[in-house]
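See below for the structure under consideration.
Model, not experiment: these values are computed from the prediction.
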Amino acid sequence: VQLQASGGGLVQPGGSLRLSCAASGRTFSLYAMGWFRQAPGKEREFVAAISGSGMGTYYADSVKGRFTISRDNAKKTVYLQMNSLKPEDTAVYYCARSRGAVVTTGGYDYWGQGTLVTVSS
């Protein structure tokens, strides 16, 4: 399984970005997917997750109401729409595939390479 994240960049505070993560393999819809981030000097943290079917989602409190995770199983792609971005959202964002189909904050076994999001004026 390979995961390719894209869509990062430089955005001003209050702006928006949409991250994408394209997956290889034929069983994409069987697995929950998640987004994580790692800011400079900090540990990696959970951001959002979506179930294999797309019916269930879960967010970290820090992004709830601003970020939206979604997926297109036909395209084997998961998205993270990020609105009202803040400087503290600056980080490398990683997508990951869970070991199961249900929403979870842990138990991810495949990781993408990361895409850098910088929120600055």
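Looking at heavy atoms from C-beta onward, L19 lies out of side-chain contact with Y79 at the 4.5 angstrom threshold. Side-chain contact between W35 and I69: present, with at least one pair of heavy atoms (C-beta onward) separated by less than 4.5 Å. C21 places none of its side-chain heavy atoms less than 4.5 Å from the side chain of R97. Taking 4.5 Å as the limit, some side-chain heavy atom of Y93 sits within range of a side-chain heavy atom of M82. At least one side-chain heavy atom of F28 sits less than 4.5 Å from a side-chain heavy atom of R71. Between M33 and L3, the closest side-chain pair of non-hydrogen atoms falls below 4.5 Å.
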Could you go through the side-chain contact (heavy atoms from CB on, under 4.5 Å) check for T68 and L80 one step at a time?
CA-CA 6 Å; T68 302; L80 186 68; over 6 Å; no

Check the pair Y94 / F36 against ring pair (Phe, Tyr, Trp, His ring centres under 6.0 Å), numbers first and verdict last.
CA-CA 5 Å; Y94 299 89; F36 294 75; 8.7 Å; no

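In the displayed structure, Q2 atom CD is contacted under 6.0 Å by at most 12 heavy atoms of other residues, nucleotides or ligands. By the neighbour-count criterion of 12 heavy atoms within 6.0 Å, atom NZ of K64 is densely surrounded, having more than that number from other residues, nucleotides or ligands.
One N or O on the side chain of T77 and one on the backbone of K75 form a donor-acceptor pair closer than 3.5 Å.
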Exercise answer: donor-acceptor pairs, residues 48-58 side-chain atoms, under 3.5 Å, sequence neighbours excluded:
{"from": "S51", "atom 1": "OG", "to": "S53", "atom 2": "OG", "distance (Å)": "3.4"}
{"from": "S51", "atom 1": "OG", "to": "G54", "atom 2": "N", "distance (Å)": "3.3"}
{"from": "S51", "atom 1": "OG", "to": "M55", "atom 2": "N", "distance (Å)": "3.3"}
{"from": "S51", "atom 1": "OG", "to": "G56", "atom 2": "N", "distance (Å)": "3.0"}
{"from": "S53", "atom 1": "OG", "to": "M55", "atom 2": "N", "distance (Å)": "3.2"}

Extract all donor-acceptor atom pairs below 3.5 Å that involve side chains of residues 102-121 and protein atoms in other chains or at least two apart in sequence.
{"from": "T104", "atom 1": "OG1", "to": "G106", "atom 2": "N", "distance (Å)": "3.1"}
{"from": "T104", "atom 1": "OG1", "to": "G106", "atom 2": "O", "distance (Å)": "3.0"}
{"from": "Y108", "atom 1": "OH", "to": "T104", "atom 2": "O", "distance (Å)": "2.6"}
{"from": "W111", "atom 1": "NE1", "to": "Y108", "atom 2": "O", "distance (Å)": "3.4"}
{"from": "Q113", "atom 1": "OE1", "to": "A5", "atom 2": "N", "distance (Å)": "3.2"}
{"from": "Q113", "atom 1": "NE2", "to": "A5", "atom 2": "O", "distance (Å)": "2.8"}
{"from": "T115", "atom 1": "OG1", "to": "G8", "atom 2": "N", "distance (Å)": "3.0"}

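Checked for salt-bridge contact, D89 and K86 miss the test: no charged N lies under 4.0 Å from a carboxylate O.
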